[in-house]
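See structure below.
Computed from heavy atoms alone, side chains included, the values below leave out hydrogens, waters and symmetry copies. Keep in mind the model is a prediction, meaning the values are calculated, not measured.
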Amino acid sequence: MAAALGEEAPDNEDYYGLLNVRREASQEELKAAYRRLCMLYHPDKHRDPELKTQAERLFNLVHQAYEVLSDPQTRAIYDIYGRRGLEMEGWEVVERKRTAAEIREEFERLQREREERRLQQRTNPKGTISVGIDATDLFDRYDEEYEDVPGSSFPQIEINKMHISQSIEAPLTSTDTAILSGNLSTQNGNGGGSINLALRRVTSAKGWGELEFGAGDLHGPLFGMKIFRNLTPRCFITTNCALQFSSRGVRPGLTTVLARNLDKNTMGYLQWRWGIQSAMNTSIVRDTKTSHFTVAMQLGIPHSFMMVSYQHKFQDEDQTRVKGSLKAGFFGTIVEYGAERKISRHSVLGATVSVGVPQGVSLKIKLNRASQTYFFPVHLTDQLLPSAVFYATVGPLVIYFAMHRLVIKPYLRAQKERELEKQRENTASDMLQKKQEAEAAVRLMQESVRRIIEAEEARMGLIVVNAWYGKFVNDNSRKNEKVKVIDVTVPLQCLVKDSKLILTEASKAGLPGFYDPCVGEEKSLKVLYQFRGVLHQVMSADNEALRIPKQCK
């Protein structure tokens with residue numbers, strides 16, 4: 001056990017980083033790395049009492065890492081649970097004789113049990129709030145016919161409709177879920193609401209079924225049933241039948257959707273709806289990493305139309321998307337264009353301009369916050385006025401960029417600073433220990449580094465001239481931020497072997513002689529080295545593998 005070695009390691013200690021090996025390293029690679037560090041940290045190699053004490057501490061830490069990773073059982077537990085799994089007395093997690101594969105199977109079983117216990121505590125709430133705004137007075141008041149209408153000289157903006165819906169899921173067992181939902185709607189002084197209860201059961205890996213019961217003051221009781229089934233690995237079908245009871249009698253309805261994967265990124269749908277507003281619909285949806293394309297056609301009563309839409313996904317930090325669509329049918333023609341962007345960790349803001357005949361011009365603003373959606377459709381005019389289109393397009397952009405610069409960006413920056421400060425406070429003691437260990441390791445490496453440099457100079461090999469690790473500020477927009485780096489020239493030179501320096505794909509903060517100078521922030525490694533008498537410079541991200549000198553292909 002790890003605790004038996006006497007030297008207590010922090011809970012976040014990365015044994016693979018400490019030995020500078022891959023997580024998939026073989027026993028031979030582990031043994032070679034262990035022997036190399038043992039030669040560096042062995043207490044008997046140091047006569048100074050202080051250096052000897054520091055060497056003993058680091059030697060025990062390296063020995064602890066090797067003892068855990070060299071044993072298949074303890075290595076499997078460490079990979080899954082971390083050090084906390086190794087500290088359980090009596091090996092309560094699994095039997096000592098089990099293989100690594102059996103340990104992982106046991107872990108997955110325990111995970112499933114924990115998920116089932118959490119079922120009773122999870123509700124997965126979802127909600128939508130829609131507020132319809134009538135702002136036609138802003139533009140219609142400048143119409144010639146409007147001048148004779150008496151009223152206030154100020155334009156009137158009214159809220160003419162509102163819709164609120166909410167749903168929660170209550171898992172009953174690992175296969176059964178109850179879904180409770182309700183909604184309230186009001187428009188021009190008239191309104192109503194309804195409440196629905198659905199019971200869903202997963203019957204197999206191929207499908208599920210759902211029963212729905214509802215009641216409301218507008219349509220009366222509702223009874224429905226929905227079935228989902230995978231027909232093949234690339235094809236599925238969904239059938240939804242319902243009976244709506246009202247003062248006019250029973251109104252049945254049936255909707256069937258057949259879908260098929262046409263290729264890796266493309267889905268084809270066939271839909272048939274019978275009952276209220278019967279229709280047939282076919283559509284093709286292609287979704288890739290950078291775009292989303294949809295083409296659809298519907299034949300029905302009273303609505304028949306054709307629709308084409310395209311959305312481009314920018315690969316930036318804010319996940320910006322721009323979209324446009326054209327929809328034409330018996331009701332007229334509508335052109336829509338807009339964009340959406342992530343404004344915080346859990347919030348996405350979007351705006352869409354809708355221009356149509358005879359619908360006029362509308363601006364739709366949508367805010368997604370976690371599982372809640374806030375929707376604000378603003379009707380600007382019933383006519384195709386260029387001024388309405390212009391203000392609906394430019395107005396939201398100006399307001400967004402002003403708000404983003406003056407409010408959102410400063411708020412996110414302050415929030416990030418608070419989170420980083422809290423993280424630094426929580427890890428302050430561990431980081432102090434890591435810093436002391438790194439400084440001690442550097443002192444212990446001095447003699448070995450001197451010998452390595454002599455050998456490399458003799459063969460015109462690899463000499464690390466300077467190396468820094470931490471946060472670099474090269475962007476002019478971040479010139480007010482402070483550079484937070486540490487000198488790691490000695491630790492890197494100590495890792496040079498046969499004129500090569502190889503670092504694995506892991507955080508370099510765990511390497512011997514390293515520590516994290518800026519917890520929670522992006523870090524890089526910058527190395528200035530000499531090889532064959534020529535100076536070179538390389539810079540790599542924290543978790544990026546590094547091999548110098550680079551091999552020619």
- Query: Quick one: OG1 on Thr238 to CD on Gln271, what's the gap to the nearest 0.5 Å?
  - Reply: 10.0 Å
- Query: Does some side-chain heavy atom of Leu384 sit less than 4.5 Å from a side-chain heavy atom of Val389?
  - Reply: no
- So, does Ser347 use its side chain to make a donor-acceptor pair with the main chain of Ile343 at under 3.5 Å? no
- Smallest separation among heavy atoms of Leu363 and Ala392, with atom names: CD1-O, 3.8 Å
- When every non-hydrogen atom of Ala178 is compared with those of Leu199, the smallest separation belongs to CB-CD2, 3.8 Å
- Message: Donor-acceptor pair, distance only, cut-off 3.5 Å: does the side chain of Glu340 make one with the backbone of Lys366?
- Response: no
- Item | salt bridge (charged side-chain N to carboxylate O under 4.0 Å, His left out) involving Glu421 - partner list, sequence neighbours excluded | Arg424
- Sequence neighbours excluded, the answer for ring-ring contact (aromatic ring centres under 6.0 Å, His included) partners of Phe314 is His312
- Are the side chain of Gln244 and the backbone N or O of Pro221 linked by a donor-acceptor pair below 3.5 Å? yes
- Going through the checks in order, is the side-chain contact (heavy atoms from CB on, under 4.5 Å) test met by Val398 and Tyr391? CA-CA 10 Å; Val398 173; Tyr391 286 112; over 6 Å; no
- Quick one: does Asn230's side chain have a donor or acceptor within less than 3.5 Å of a partner on Thr232's backbone? no
- Task: Flag yes if more than 12 heavy atoms outside Lys313 fall under 6.0 Å of its NZ atom; otherwise flag no.
- Result: yes
- Query: What's the verdict on side-chain contact (heavy atoms from CB on, under 4.5 Å) for Ser344 and Ile408, showing C-alpha distance, side-chain angles and the deciding distance?
  - Reply: CA-CA 8 Å; Ser344 70; Ile408 297 175; over 6 Å; no
- With sequence neighbours excluded, what pairs up with Asp318 under the salt bridge (charged side-chain N to carboxylate O under 4.0 Å, His left out) test? Arg341
- Message: Checking the side chain of Ser371 only, and the main-chain atoms of Pro125 only, is there a donor and an acceptor separated by less than 3.5 Å?
- Response: yes
- Message: For the NZ atom of Lys471 and the NZ atom of Lys484, what is their distance to the nearest 0.5 Å?
- Response: 5.0 Å
- Note on the structure: Sequence neighbours excluded, the answer for ring-ring contact (aromatic ring centres under 6.0 Å, His included) partners of Phe213 is Phe223
- Item | With Asn196 via side-chain contact (heavy atoms from CB on, under 4.5 Å) - residues at least two apart | Ser181, Ser194, Glu212, Leu222
- Message: Checking Glu24 now: which residues fulfil salt bridge (charged side-chain N to carboxylate O under 4.0 Å, His left out) with it, not counting sequence neighbours?
- Response: Arg22
- Over 12 foreign heavy atoms within 6.0 Å of CD, Glu544: yes
- ring-ring contact (aromatic ring centres under 6.0 Å, His included) filter on Phe376, not counting sequence neighbours, yields none
Distance-only criterion, 3.5 Å: show the donor-acceptor pairs between side-chain atoms of residues 252-269 and protein atoms not counting sequence neighbours.
unit_1, atom_1, unit_2, atom_2, d
Asp263, OD1, Asn265, N, 2.8
Asp263, OD1, Thr266, N, 2.8
Asp263, OD1, Thr266, OG1, 2.9
Asp263, OD1, Arg286, NH1, 3.4
Asp263, OD2, Thr266, OG1, 3.2
Asp263, OD2, Arg286, NH1, 3.3
Asn265, ND2, Asp287, O, 3.3
Thr266, OG1, Arg286, NH1, 2.7

- Query: Is atom CZ of Arg201 surrounded by more than 12 heavy atoms (other residues, nucleotides or ligands) closer than 6.0 Å?
  - Reply: no
- Item | Within 6.0 angstrom of Gln315 CD, more than 12 heavy atoms from elsewhere | yes
- Could you tell me which residues satisfy side-chain contact (heavy atoms from CB on, under 4.5 Å) with Ser309, sequence neighbours excluded, listed by chain and number? Thr294, Met307, Ser325
- Message: Once rounded to the nearest 0.5 Å, what's the spacing between atom CG of Asp137 and atom CG of Leu380?
- Response: 12.0 Å
- Message: Tell me every residue that passes ring-ring contact (aromatic ring centres under 6.0 Å, His included) with Phe390, counting only those two or more places apart in sequence or in another chain.
- Response: none
- Yes or no on side-chain contact (heavy atoms from CB on, under 4.5 Å) for Phe331 and Gln359, after CA distance, side-chain angles and deciding distance? CA-CA 9 Å; Phe331 55 84; Gln359 291 83 0; 3.7 Å; yes
- Going from NZ on Lys126 to CD on Gln372, what distance comes out if it is rounded to the nearest 0.5 angstrom? 10.5 Å
- Task: Among residues two or more places apart or on two chains, list those pairs meeting ring-ring contact (aromatic ring centres under 6.0 Å, His included) that have a residue in residues 225-256.
- Result: Trp208-Phe228, Phe228-Phe236
- Task: Enter the distance from Ile365:CD1 to Leu349:CG here, rounded to the nearest 0.5 Å.
- Result: 7.5 Å
- Could you check Lys323 against His292 for side-chain contact (heavy atoms from CB on, under 4.5 Å), going step by step and ending with a plain yes or no? CA-CA 9 Å; Lys323 54 187 177 181; His292 183 93; over 6 Å; no
- Message: Quick check for you: to the nearest 0.5 Å, what is the distance between Leu180 atom CG and Glu169 atom CD?
- Response: 11.0 Å
- Message: Could you check whether any side-chain heavy atom of Gln166 comes within less than 4.5 Å of a side-chain heavy atom of Ile164, counting everything from C-beta outward?
- Response: no
- Which heavy atom of Ala339 sits nearest a heavy atom of Val322, and at what distance? CB-CG1, 4.0 Å
- Residues two or more places apart in sequence or in another chain: which of them pass salt bridge (charged side-chain N to carboxylate O under 4.0 Å, His left out) with Glu419? Arg345
